[in-house]
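Below is one structure, written out as structure tokens; the observations come after it.
Model, not experiment: these values are computed from the prediction. All chains are named by letter (A, B, ...) in the order of the sequence lines, taking the proteins before the strands, and each is independently numbered beginning at 1.
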Amino acid sequence: MVRVRFAPSPTGYLHIGSARTFIFNWLYARKTGGTMILRLDDTDVERNTDASVQSIYDGLNWLGLNWDEFYRQSDRLDLHQKSAWAIYEKGMAYRDFTPAHQGDEERGHEGGPWLFNADARAMSQEESDRRAAAGEPFVLRFKVPRNAGHKVKFADQVYGLQEKEADDIEDFALLRSNGMPTYHLASCADDADLRITNIVRGQDHLSNTFKHVLIFEALGDAMPQFAHLPLLVAPDGAKLSKRKHGPVVSVTTYRDAGFLPHSYVNFLCLLGWSPKDNREQMSREELVAAFSFEGVNRSNATVNFSDADPIDPKALWLNSQHLRTCPVAELAEPVRAALTAAGLGVPYDEAWFLATIDLIRARYTTLHDFPAKGRAYFADDFEMTPEALVKLDAPQARELCRELGARLEAETEFTEASVEASLRKLCEERGVKAGVLINGSRAALSGQAVGPSAFHLFVAVGRERAIVRLKSA
RNA sequence: GGCGCCAUCGUCUAACGGUUAGGACAGAGCCCUCUCAAGGCUUAAAUAGGGGUUCGAUUCCCCUUGGCGCUACCA
């Protein structure tokens, strides 16, 4: 039985890289009929915020991603302590009374990396016990095997066999001097306790995994399978960060930009993963069916954005594809929300609403286009675009519009066919190309120079409104 | 500095060691057309460099370069 988890630390809003990690876990769980677990890794009390927890919920919620079990590490400190001391009891950890290392920021170590404090590691049991009993603070460190040639290895489902000399691994901390578990310990203890079968996470943890393997072994628990995901980076190659790259890294940005949740999920899936058959637009079911770790790429994926164009054009394209092809009914709710947010009244005639969405959606790329470019369908106060004015100002266009309005008013029938007949007849009588009036009336009715076929537009706008708009052209 | 990972068009990516290195987005152009979009067609655009192995390397190995990650009680 597959059990996977997404374990964010709530120290900021939901990052798109985190969202993608959730998605890949989720796809694997759904594909295998396994269990998806959300676990808040909130052991860093100083940096955790409720706002961040909320943003994680909001983001996942918006994306339509759900989970089956939920935990917070802060509720499980007991387990972490027990696990750490169990490792200590097995002689695989030791107390280190050395004060916390200060003045870091110098990453360069002349003669190789720091591995451990020799005195602490060699300290006698008696002295260690005595100083602990005296209340002296200490960190509990893992005693990494130092016998020459000892190798730590694991098989990654994406990166293949990984191997590292134990001598290159420092004696990392298990418990901080305040008694709180470190990320490494808490994460492994929880993964073991929750019987996680597959750990799917960002590649930034690939080298940490050697430590985790050591912890799992020390705990005597079954080793989960690991699958690391390539990172999402900015066009300059740097890891995405709010400070450097701003709102492009936050999931809510795409929600606010008028994305359909699923199309954004679809986009994220294509970053670092491929179904290998050239498919790009895929439904959720198709993604679940196609997902595999073999399809995951190993190199970092660049999110393509710039100051001028803060949203990846491919994401926009995918959104327009989904917008134009999904069942119209699925659009009713999001479009309604977009209209409301823009202060427009929500249409009461559901059939008309759906038909209108269906008519205009093919030309739109985000939900924002409905209240913006599509304003004239839902409101009577709308602006003319400069391009629309050009069409209206074509020779005779306004006059023809007014005349057409008058003629339509005199007719009882109002269908695409009847409107077209009247319009063409009028143009023929005046010896004008039909295109002039077709384009002119599109402008008069919708304020836009571009849009759906004009005769569909007449029907969508409706007889009364169409006549008023034509006559006031 | 040490260790680890990675390297195909601008971007996302495909290619059992044998292909004119394919697709998509973005760009340019044409067609279609009541406009725009869609659609169709065309065009430009890549295997980081150097050595091997092989009859044959995008593909396997090594080196270089570059990028990213981790690196003493952040996750």
Side-chain angles (χ1 to χ4, degrees), chain A residues 7-9 11 41-44 46-47 96 98-102 104 106-117 137-141 156 159 162-165 167-178 180-184 186-187 202-211 228 230-231 233 235-239 267 270-281 297-305 309 312-318 320-321 324 362-365 373 387-388 391 420 423 433-443 448-455:
Chain A
S9 53
T11 56
D41 278 9
D42 54 353
T43 54
D44 187 358
E46 333 267 275
R47 293 169 58 207
D96 182 352
T98 315
H101 188 252
Q102 298 298 331
D104 330 47
E106 20 90 35
R107 279 297 182 229
H109 300 283
E110 299 298 301
W114 173 89
L115 288 175
F116 54 89
N117 296 319
F138 60 85
V139 277
L140 193 68
R141 286 191 188 285
D156 190 275
Y159 288 91
Q162 302 295 312
E163 214 176 69
K164 187 169 185 166
E165 299 277 347
D167 282 335
D168 288 323
I169 303 172
E170 77 278 8
D171 284 0
F172 53 92
L174 261 18
L175 253 28
R176 302 188 250 234
S177 52
N178 63 4
M180 289 292 283
T182 62
Y183 161 74
H184 300 301
S187 175
Q203 193 237 44
D204 45 346
H205 284 298
L206 191 62
S207 34
N208 286 331
T209 305
F210 295 104
K211 297 171 191 168
H228 287 87
L231 263 22
V233 299
D236 63 5
K239 198 172 160 179
F267 170 69
L270 262 20
L271 253 24
W273 173 81
S274 160
K276 302 205 186 273
D277 56 9
N278 285 343
R279 276 185 297 170
E280 309 227 87
Q281 186 194 350
N297 214 1
R298 284 180 294 280
S299 47
N300 293 346
T302 306
V303 180
N304 196 10
F305 65 87
D309 207 353
D312 193 313
K314 194 143 192 174
L316 247 13
W317 172 77
L318 265 176
S320 68
Q321 292 300 310
R324 92 174 84 251
R363 289 168 179 77
Y364 294 170
T365 55
K373 294 180 186 168
E387 295 78 12
K391 302 281 186 187
E420 178 162 9
L423 185 148
K433 282 195 295 183
V436 174
L437 183 49
I438 288 174
N439 290 330
S441 53
R442 177 182 294 107
Q448 303 276 320
V450 302
S453 164
F455 304 113

Value in whole Å for how far the P atom of B:rU35 lies from CZ of A:R442
8 Å
When we call it a touch if two heavy atoms are under 4.0 Å apart, what does A:K433 touch: a base, just sugar-phosphate, or nothing?
nothing
Classify A:P452 by what it touches in the nucleic acid, base, sugar-phosphate, or nothing, heavy-atom distance under 4.0 Å.
base
Would you mind classifying the nucleic acid contact of A:T11 as base, sugar-phosphate or nothing, using non-hydrogen atoms under 4.0 angstrom?
nothing
Just to be sure I understand the rule, does A:R47 reach a base, reach only the sugar-phosphate, or reach nothing, if contact means heavy atoms closer than 4.0 Å?
base
Are A:W114 and A:H101 side-chain neighbours, meaning at least one heavy-atom pair lies under 4.5 Å?
no
Starting at NZ of A:K373 and ending at C1' of B:rA38, how long is that distance when rounded to a whole Å?
13 Å
Check this one for me: any side-chain N or O of A:T43 less than 4.0 Å away from OP1 or OP2 of B:rA75?
yes
Ion pair A:R279/A:D277, N-O distance below 4.0 Å:
yes
Rounded to whole Å, please give me the gap between CD in A:E420 and C1' in B:rU35.
15 Å
Within the structure, does a side-chain N or O atom of A:K276 lie under 4.0 Å from either OP1 or OP2 of B:rA14?
yes
Could you state the atom-to-atom distance from CG of A:L115 to C1' of B:rA72 in whole Å?
10 Å
Could you tell me whether the phosphate oxygens of B:rC12, OP1 or OP2, come under 4.0 Å of any side-chain nitrogen or oxygen in A:T302?
yes
Looking for any heavy atom pair under 4.0 Å, which part of the strands does A:G451 touch: base, sugar-phosphate only, or nothing?
base
Spacing of A:K391 atom NZ relative to B:rU33 atom P, expressed in whole Å
16 Å
If you round to the nearest 0.5 Å, how far is OG1 of A:T365 from CZ of A:R324?
9.5 Å
Can a side chain N or O of A:W114 be found less than 4.0 Å away from OP1 or OP2 on B:rA72?
no
Compare side-chain N and O positions of A:R324 against OP1 and OP2 of B:rA37 and report whether any pair is under 4.0 Å apart.
no
Is there a donor-acceptor pair under 3.5 Å between the side chain of A:R363 and the backbone N or O of A:G451?
yes
Kindly give the atom pairs (protein nitrogen or oxygen, nucleotide nitrogen or oxygen) under 3.5 Å for nucleotides 5-8 of chain B.
residue : atom : partner : partner atom : Å
B:rC5   : O2'  : A:Q203  : NE2          : 3.0

Base, sugar-phosphate, or nothing: which does A:G202 touch, judged by heavy atoms less than 4.0 Å apart?
nothing
Quick one: CG on A:L271 to CG on A:N300, what's the gap to the nearest 0.5 Å?
10.5 Å
Within the structure shown, what part of the strands sits under 4.0 Å from A:A301 by heavy-atom distance: base, sugar-phosphate, or nothing?
sugar-phosphate
Atom CZ of A:R279 and atom C1' of B:rC12 are separated, to the nearest Å, by 16 Å
Between CG of A:L174 and NZ of A:K211, what distance do you get to the nearest 0.5 Å?
11.5 Å
In whole angstrom, what separates A:K211's NZ from B:rC73's C1'?
12 Å
Spacing of the C1' atoms in B:rU54 and B:rC62 (rounded, Å)
16 Å
Would you kindly give the OH-to-P distance between A:Y364 and B:rA38, to the nearest whole Å?
15 Å
